[in-house]
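Just below is one structure, and these are the notes that go with it.
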Amino acid sequence: GAVVSQHPSWVICKSGTSVKIECRSLDFQATTMFWYRQFPKQSLMLMATSNEGSKATYEQGVEKDKFLINHASLTLSTLTVTSAHPEDSSFYICSARVWGGDTDTQYFGPGTRLTVL
Amino acid sequence: GIQVEQSPPDLILQEGANSTLRCNFSDSVNNLQWFHQNPWGQLINLFYIPSGTKQNGRLSATTVATERYSLLYISSSQTTDSGVYFCGFRGGADGLTFGKGTHLIIQP
């Protein structure tokens with residue numbers, strides 16, 4: 001259980017275009033999902049918290065108009081990188097929160113590698 | 001914010017060796033978890049360990065919340081254990097804050 005998928009697994013785009021990344025919880029409902037970014041040989045950095053049916057909460061320094069997040073259903077959150085530039089090239093990873101009983105953990109998708117030319 | 005220090009940053013071992021990875025925190029943390037990021041980038045949940053000790057096969061973890069540290073033990077290492085090990089905790093946001101990771105290489 002607790003499987004999270006992401007699509008696409010990798011994408012190459014031209015500077016100025018927009019890219020949409022999907023994150024799905026396959027076997028459970030996730031009212032809360034998260035988006036992280038990881039640059040090469042660095043740790044994961046939280047970008048935003050995505051709550052089903054409400055606006056996302058962005059971390060300091062993350063441009064909400066550039067990284068559009070939509071969480072329209074209990075199993076799907078999307079991240080759209082608008083007007084992408086080479087500095088947006090990174091590994092984007094989503095996670096879904098699972099809590100209850102004696103656990104409060106997150107399960108991660110396989111990530112999406114974005115390369116902006 | 002809370003500072004987290006993972007050690008060692010890099011570790012190279014022969015297959016069959018044992019290892020201990022550590023996370024130190026500057027203050028009390030919530031929802032401490034350990035993850036393994038494999039060479040393809042997938043994060044795999046290892047332990048949810050806010051306190052106490054848990055074991056799962058060759059891996060075990062201990063968190064001493066009062067002393068603000070957590071340990072991950074790997075015994076009888078295999079090449080498939082290679083990758084980056086992260087500790088993560090819930091800081092100010094509901095999302096996780098991660099340490100910088102321990103990059104582990106197991107040589108055959």
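Each chain gets a letter, A, B and so on, in the order its sequence line appears, and its residues count up from 1. Owing to the predicted nature of the structure, the values given are computational and were not obtained by experimental measurement.
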Give, as side chain, backbone, both or neither, the part of B:Phe98 having an atom under 4.5 angstrom from any heavy atom of chain A.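 Both parts, heavy atoms under 4.5 Å.
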With a 4.5 angstrom heavy-atom cut-off, is it the side chain or the backbone of B:Gln37 that approaches chain A, or both, or neither?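 For B:Gln37, side-chain heavy atoms alone lie under 4.5 Å from chain A.
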NZ of A:Lys20: more than 12 outside heavy atoms within 6.0 angstrom?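 Counting other residues, nucleotides and ligands, NZ of A:Lys20 stays at 12 neighbours or fewer.
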If we ignore angles and hydrogens, is there a donor and acceptor under 3.5 Å between the side chains of B:Asn45 and A:Thr105?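 Yes.
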Side chain, backbone, both or neither of A:Gln6 within contact of chain B (heavy atoms, under 4.5 Å):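 For A:Gln6, there is no contact with chain B at all, as no heavy atom is under 4.5 Å.
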Using a cut-off of under 4.5 Å on heavy-atom pairs, state which of A:Gln38, A:Arg113, A:Lys41 scores highest against chain B.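 Top count of heavy-atom pairs under 4.5 Å with chain B: A:Gln38.
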Partner chain B: residue of A:Ala48, A:Gly111, A:Pro110 with the largest heavy-atom pair count (under 4.5 Å):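 Heavy-atom pair counts peak at A:Pro110.
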Beyond-backbone contact of B:Arg90 with A:Arg97, side-chain heavy atoms, under 4.5 angstrom: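 Yes, at least one pair of side-chain atoms sits under 4.5 Å.
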Do the side chains of A:Phe34 and B:Asp94 get nearer than 4.5 Å, heavy atoms only?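 Answer yes - side chains close enough.
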Mind checking side-chain contact (heavy atoms from CB on, under 4.5 Å) for A:Leu76 and listing every partner two or more places apart, or none if nothing turns up?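 Testing A:Leu76 for side-chain contact (heavy atoms from CB on, under 4.5 Å), a comparison that skips the adjacent residues, returns A:Glu22, A:Arg24, A:Ser73, A:Thr78.
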Return yes if some donor-acceptor pair links the side-chain N/O of A:Tyr36 with the main-chain N/O of B:Leu96 below 3.5 Å, else return no.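 Yes; at least one donor-acceptor contact below 3.5 Å.
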I need the minimum non-hydrogen distance between B:Gln42 and A:Gly109, along with the two atoms involved.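 Nearest pair, atom of B:Gln42 first, then A:Gly109: NE2-O, 3.5 Å.
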